[in-house]
Amino acid sequence: VTLSGDNSGSTAWSATKRKAWTTLTVASGTGSGKVKWNRSTSGLAAGTYVDTITVTAAGVSSRTVIDTLVITQTTTARLNKGGGKTRTIKDSRGTTASSGQDTTSVTATLDGESGGTSAPKWVATTGASWIRFVDGATPTEGAIVWTRDVSQLPAGQHIDSVVVSLQGNPVMRGVYTDTVVVVVVADPSPTNAVDELVRGNRLTGDQRDFFDATGNRNGRFDLGDFLAWVDRNGIRLNASLTAQLAEVRGEP
């Protein structure tokens, strides 16, 4: 507010506003000075808001300031990483099975409002050749699923990342570090596998884990795991092994 001329230094002025989101912190003065106000966006939806600040003083015409407030919808990202634990995959390279595969997933969620008429989508990317996405773009609340194919990886620990970003806004992202330990398991002979079923203590722990992981996945090595292995690899059992299996099944 700038006043000039006779009695300008002693002339009082006052300011008014119209909208509830405007709060005048300095609403009056004498002589030249400043009108000050705050804007409160609490409870306001995204959009454009306009208020008029009017300053009046005795003997002069009023003056107005048009204050425009634009609120844009914002989105914040949160990636639910689940357990994030290292996964050990037992892989038998002596079979024809796709044994070196495992599936995992994480959940991507959005906090806040996204704006627009369609739901925002996550896009998942990775530089790991052994990570293959089942679904590379998911809705607002959904799982990003991938398989780990370690058939071409050497034994040891392998670490890579899955980057999940908001489509159209790559800055909004979460990173999931995926770690897999590959253990190459020696393929047992059918005789040792049957002996394990009949007598036990013929296979290593890794071999039993591998049988179960590629069989019925019930947490132990059993007849179902063995039969799946035989069928998967086209193994032909001799009469002696067949007879022993009949005993395991409880057949006469």
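Sequential numbering from 1 along the given sequence is applied to the chain's residues. Both backbone and side-chain heavy atoms feed into the values below; hydrogens, waters and symmetry mates do not. For clarity, every value in this text was computed on a predicted model and none was experimentally measured.
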- Residues passing the salt bridge (Lys or Arg N to Asp or Glu O under 4.0 Å) test with Asp51, sequence neighbours excluded, are none
- Message: I want to check something: taking the side chain as every heavy atom from C-beta on, are Leu245 and Val194 in contact at a cut-off of under 4.5 Å?
- Response: yes
- Do Thr11 and Thr30 have side chains that get closer than 4.5 Å, going by heavy atoms? no
- Message: With clusters defined by side-chain heavy atoms of hydrophobic residues (ILVMFWY) lying less than 4.5 Å apart, directly or transitively, does Leu223 cluster with Val198?
- Response: yes
- Hey, what's the ring geometry for Phe211 with Trp229, parallel, tilted or perpendicular (30° and 60° as the breaks)? perpendicular
- Query: Measuring from Thr179:OG1 to Ile159:CD1, what's the distance to the nearest 0.5 Å?
  - Reply: 4.0 Å
- Item | Residue pair Trp13 / Gly31: nearest heavy atoms and the distance that separates them | NE1-O, 2.7 Å
- Message: For Lys36, is there any backbone N or O sitting under 3.5 Å from a side-chain donor or acceptor partner on Thr25?
- Response: yes
- Query: Would you find a donor on one side and an acceptor on the other, under 3.5 Å apart, between the side chain of Thr126 and the backbone of Ser161?
  - Reply: yes
- Message: For Gly5 versus Ser8, what's the shortest heavy-atom pair and its separation?
- Response: O-OG, 3.0 Å
- Item | Validation row: Phe226, Phe221 side chains within 4.5 angstrom (heavy atoms) | yes
- Note on the structure: dist Ser129:OG -> Asp149:CG (nearest 0.5 Å) comes out at 9.0 Å
- Is there a donor-acceptor contact under 3.5 Å from the side chain of Asp222 to the main chain of Asp225? yes
- Assess whether atom CG of Asn218 is packed by more than 12 heavy atoms of other residues, nucleotides or ligands within 6.0 Å. yes
- Item | Check ion pair Asp212-Arg220 (N to O, under 4.0 angstrom) | no
- Whether Glu196 side chain and Leu203 backbone form a donor-acceptor pair below 3.5 Å: yes
- Using only heavy-atom distances, determine whether the side chains of Asp160 and Trp130 contain a donor-acceptor pair under 3.5 Å. no
- What is the distance from atom CD of Gln244 to atom CG of Asn238, rounded to the nearest 0.5 Å? 8.5 Å
- Task: Determine, stepwise, if the pair Trp37 / Thr23 fulfils side-chain contact (heavy atoms from CB on, under 4.5 Å).
- Result: CA-CA 5 Å; Trp37 64 93; Thr23 300; 6.0 Å; no
- Note on the structure: When rounded to the nearest 0.5 Å, the distance separating CG of Leu24 from OG1 of Thr16 is 7.5 Å
- Message: Test of understanding: clusters of I, L, V, M, F, W, Y form through side-chain heavy atoms closer than 4.5 Å, transitively. Do Ile235 and Leu197 belong to the same one?
- Response: yes
- Query: So Thr2 and Ser32, side-chain contact (heavy atoms from CB on, under 4.5 Å) or not? Walk me through it.
  - Reply: CA-CA 5 Å; Thr2 302; Ser32 297; 4.1 Å; yes
- Reported OH-to-CG distance for the pair Tyr49 and Leu44, which is rounded to 0.5 angstrom: 4.5 Å
- Item | Path from Leu241 to Val230 over hydrophobic side-chain contacts below 4.5 Å | yes
- So which heavy atom on Gly224 is nearest to which on Asn216, and how close? CA-ND2, 4.0 Å
- When rounded to the nearest 0.5 angstrom, what distance separates CD in Gln207 from CG in Asn192? 7.5 Å
- Task: Kindly state each residue pair satisfying salt bridge (charged side-chain N to carboxylate O under 4.0 Å, His left out) with at least one member in residues 54-70, sequence neighbours excluded.
- Result: Arg39-Asp67
- Note on the structure: Ala57 and Ala12 have their tightest heavy-atom pair at CB-O, 3.5 Å
- Task: Could you check if a side-chain atom of Val26 sits within less than 4.5 angstrom of a side-chain atom of Val35, using non-hydrogen atoms only?
- Result: no
- Report yes or no: does Lys17 contribute a side-chain atom to a donor-acceptor pair with the main-chain N or O of Ile53 at less than 3.5 Å? no
- Who passes salt bridge (Lys or Arg N to Asp or Glu O under 4.0 Å) against Arg199, sequence neighbours left out? Asp195
- Message: Which heavy atom of Ser62 sits nearest to which heavy atom of Thr54, and what is that distance?
- Response: CB-CG2, 4.1 Å
- Is Arg232 reaching over with its side chain to a backbone N or O of Thr214, donor-acceptor style, under 3.5 angstrom? yes
- Derivation of the side-chain contact (heavy atoms from CB on, under 4.5 Å) call for Val182 and His158: CA-CA 8 Å; Val182 178; His158 303 271; 3.9 Å; yes
